[in-house]
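Order of the sequence lines fixes the chain letters, A, B, ..., with proteins taken first and strands second; residue numbering starts at 1 for each chain.
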Amino acid sequence: MLGDWKRSHYCGQVTAEDIGKEVCLMGWVQRRRDHGGLIFIDLRDREGIVQLALDPDRDPESHGKADRVRNEFVIAVKGMVSPRPEGTVNPKMKTGEVEVEISELRILNTAKTPPFMLDEYTDVAENLRLKYRFLDLRRESIQRNLILRHNVAQTVRHYLAGKGFLEIETPVLTKSTPEGARDYLVPSRVNPGTFYALPQSPQLFKQLLMVSGFDRYFQIVKCFRDEDLRADRQPEFTQIDCEMSFVDREDVISVMEGMIAAVFRETLGVEIPIPMPRITYSEAIDRFGVDNPDMRFGLELSDITDLVRDSGFKVFTDAVKNGGLVKALNVKQGGGFSRKELDDLTEFVKIYGAKGLAWVKMTENGWQSPIAKFFNEEELAAINRNLDAKTGDLLLFVADSFRTANEALGRLRGHLGQKLGLIDRDAYRFVWVTDFPLLEWDGETRRHVAVHHPFTAPMDEDIPFLDSDPGRARAKAYDLVLNGSEIGGGSIRIHDQTVQSRMFSLMGIGEEEARNKFGFLLDALDFGAPPHGGIAFGLDRLVMILTGSDSIRDVIAFPKTQKATCLMSEAPGVVDEKQLKELSIRVIARPK
RNA sequence: GGGGCUGUAGUAGAGUCGGUUACAACGCCGGCCUGUCACGCCGGAGGUCGCGGGUUCGAGUCCCGUCAGCCCCGCCA
């Protein structure tokens, strides 16, 4: 079929510099324009599109073949690169100054009419795109995303290798561990009744590599979590996973800032200032209500608990009495919000558990608000001063538990940032969030659970709290947040077996269970574990931001739907009885 | 487990208060056209209104259920 033809150029790379050259191109037919005499074909490959001109006077045979060509046919052509005639240059195309005058054309394969148009003009239903993903992936925008993703991976490998990191693979068939997300399980045929788990991350293995003395490790690695999906969450996703020995937090952060800066430089040509800003967890919650603040705009939260604790407004005073707080936002010049819009905002905070949203419009005559009557002059003045309330402003309040008030108002801040256009779409605002709590009380299981993971080291000065008040201990943990999205997180690990055992017992993991689940880690800590720490970045989320994608599916070649199925391969699927029998598995539910 | 949005030719949409044969565009097929580039002109084919049930003389339209896709809460150390 190809005979002795060899491609000489990618379509998208034929330029004015090639004028006069004989070229051989291969690709897909993007579009054919038949003028009766002249036929133009836009030929496409991954690098772009170039126009072919077929003149019946030059070569009737190839012109005749071009007549039969349809969209998405695969063809090979030979011809001369020529300047386009005066007035026919297309400035919208990278290759628009030239065209290829075809002397020979071969149809390498035909194609059925695609189920949807492969252009950038039609918004095709995503389920159809996913069913025919191999066609969807021909579209330029998705190809661009995946090429950028490749460039990120290449930059990361190059940067980390240059800093002495070794790329080492860890097992995919491994062991289920307590804590964390639901595991994907794989039955063992050789050991009936037992299961491997796919890794939620290579956490334990990378720590063991440090104990083994590899000093610096990284891996671009698939991780698996059997939890419900979101616009930025897939059951299998990719981490840039790193670990370093003989380091403290500052070492990890500075190496990783360099890596992120290199990625932005190489992929977008954007210079990221380093060192990046930092904020402690408690300050993030206080000012923004969430631990992943979007630093592209202000609209910070205020705590007015002390100003209203003795007021006449029962909703506020009850929240305070129950140990909660009252937090507020001042939406500058937001006084024009309609009743409907305020109702919508109230519905919005209810999603996050808030019971309601109090509002105040600042007018020339003071507060216009359903709750104005509950406050005396002194209280009004104090609140106004605290929030810097001016005529035309809109004040919003949530009174609830510490957690709910912060979460609801913090999310409302993000929502308003979008709605009011406060966000610069071209900005990249990084912030390290540090000093996370080590443990969190889980009322349901009545025990402490690790905020980061069970191997995270407590801050040295907080170790005494492990005995007296475990909830007060802070962790040597850090997250990197970009534009309100957590793109990475890590910690300095526990390298001392006694501290690790104490952590397990605080989390209600008994000695026997700990030995059973993590025995190999505890053993390793006993055999000369160096101080070590690391971090993992979510590659998918990072690429989402770099490409401006709203969906993680736009940066993954073959993603799954919200119900975790693949519409193309139709995974997951039923299997033969024979396969089940070999695995000693009996199915108790059949698909609908 | 819960809340919300969407579903009409191959595609993306319109479809009034429930009323004749469900529209026009893009794509597709045929014809014409030698400088277009999301080419143009003429003609043609193409429909299980997601699926099931109900109300009604009559349902794309109203009601109930269900399926699928998407967004969110819970969940995701």
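For the C1' atoms, the distance from B/G54 to B/G69 is 27 Å, rounded to whole Å. A distance of about 25 Å separates the C1' atoms of B/A12 and B/U21, rounded to the whole Å. Using P as the reference atom, B/G2 and B/C39 are 49 Å apart when rounded to the nearest Å. Across B/A45 and B/G30, the matching C1' atoms stand 10 Å from one another, rounded to whole Å.
Between the P atom of B/C39 and the CG atom of A/N90 lies a distance of 11 Å, rounded to the nearest Å. In this entry the distance linking CD1 of A/I39 with C1' of B/C32 reads 13 Å, nearest Å. Counting to the nearest Å, the C1' atom of B/C28 and the CZ atom of A/F116 are 16 Å from each other. Atom CD of A/E86 is separated from atom C1' of B/U36 by 16 Å (rounded to the nearest Å). Atom pair A/I351:CD1 and B/G4:P shows a separation of 11 Å (rounding to whole Å applied). Here B/G50 presents its P atom at 17 Å from NZ of A/K131, a figure rounded to the nearest Å.
Base-pair partner of B/U20: not found among the strands shown (Watson-Crick or G-U wobble, both distances under 3.5 Å). Applying the Watson-Crick and G-U wobble criteria (two distances, each under 3.5 Å), B/G10 pairs with B/C26. The partner of B/C70 is B/G4, judged by Watson-Crick or G-U wobble contacts that both fall below 3.5 Å. In this structure, B/G65 and B/C51 make a Watson-Crick or G-U wobble pair, each of the two defining distances being under 3.5 angstrom.
Within the 4.0 angstrom heavy-atom criterion, no nucleotide atom of any strand lies near A/R129. The residue A/L128 sits close only to the backbone: its heavy atoms come under 4.0 Å of sugar-phosphate atoms, none of a base. Backbone-only engagement by A/V124 is indicated by non-hydrogen atom pairs under 4.0 Å involving sugar-phosphate atoms exclusively. Within 4.0 Å of A/D119, counting heavy atoms only, lies no atom of the nucleic acid at all. Here A/A125 lies in heavy-atom contact (under 4.0 Å) with sugar-phosphate atoms only. Heavy atoms of A/R58 sit nowhere under 4.0 angstrom from any nucleic acid atom. The residue A/Q51 sits close to a base: some heavy atom pair falls under 4.0 Å. Across all strands, A/E99 comes closer than 4.0 Å to base atoms (heavy-atom distances). In this structure, A/S201 reaches the bases: a heavy-atom distance under 4.0 Å links it to at least one base atom across the strands shown.
Comparing A/D55 and A/R31 against RNA chain B, the residue whose closest nucleotide sits nearer the 5' end is A/D55. Ranked by how close their nearest RNA chain B nucleotide is to the 5' end, A/G96 and A/F455 are led by A/G96.
For A/T565, whose side chain is taken as the heavy atoms from C-beta onward, the closest listed nucleotide among B/C39, B/C37, B/G69 is B/G69. Across B/A38, B/C75, B/U36, the shortest atom-to-atom separation from the side chain of A/D228 is found for B/C75. For A/R70, counting side-chain heavy atoms from C-beta on, the closest listed nucleotide (B/C29, B/A38, B/C70) is B/C29. With B/G35, B/A68, B/A38 as the choices, the nucleotide that has an atom nearest any side-chain atom of A/P85 turns out to be B/G35. Nearest nucleotide to the side chain of A/R230, out of B/C37, B/C75, B/U11: B/C75. Taking every side-chain heavy atom of A/Y121 into account, B/A38 is the closest of B/C72, B/A38, B/G69. Picking from B/C37, B/U34, B/C72 the nucleotide with the shortest atom distance to the side chain of A/T88 gives B/C37. For A/L38, counting side-chain heavy atoms from C-beta on, the closest listed nucleotide (B/C39, B/C72, B/G35) is B/G35. Nearest to the side-chain atoms of A/H35 among the listed nucleotides B/C76, B/U34, B/C73 stands B/U34. Closest to the side chain of A/D57, from the set B/U34, B/C75, B/U36, is B/U34.
Comment: A/D462 does not engage A/R472 in a salt bridge, judged by the lack of any side-chain N to carboxylate O separation of less than 4.0 angstrom.
The side chain of A/R32 places no N or O atom within less than 4.0 Å of a non-bridging phosphate oxygen (OP1 or OP2) of B/U36. The phosphate of B/C37 (OP1 or OP2) has no side-chain N or O of A/K92 nearer than 4.0 angstrom. Under 4.0 angstrom from either OP1 or OP2 of B/U36 there lies no side-chain N or O belonging to A/R33. Taking only side-chain nitrogens and oxygens, A/Q200 never comes nearer than 4.0 Å to OP1 or OP2 of B/C76. Residue A/N71 places at least one side-chain N or O under 4.0 Å from the OP1 or OP2 atom of B/C28. Between B/G69 and A/T561, a contact under 4.0 Å exists linking OP1 or OP2 to a side-chain N or O.
Aromatic ring orientation, A/Y132 versus A/F134: perpendicular (interplanar angle above 60°, classes split at 30° and 60°). Taking the six-membered ring for Trp and thresholds of 30 and 60 degrees, A/F224 and A/Y184 have ring planes more than 60 degrees apart, a perpendicular arrangement.
Aromatic ring centroids of A/Y478 and A/F436 lie 6.0 Å or more apart.
A donor-acceptor contact under 3.5 angstrom links the side-chain atoms of A/R233 to the base of B/C76.
Residues A/S401 and A/R403 bring no donor and acceptor atom of their side chains to less than 3.5 Å of each other. Side-chain atoms of A/R493 and A/S491 include a donor-acceptor pair closer than 3.5 Å.
A pairwise comparison of heavy atoms in A/R68 and A/I107 identifies NH2-CD1, 4.4 Å as the closest pair.
Residue-nucleotide stacking is not present for A/F40 and B/G35, judged by a side-chain ring centre under 5.5 Å from the six-membered base ring centre and planes under 30° apart.
Counting only heavy atoms from C-beta outward, the side chains of A/L130 and A/M568 never approach each other to under 4.5 Å.
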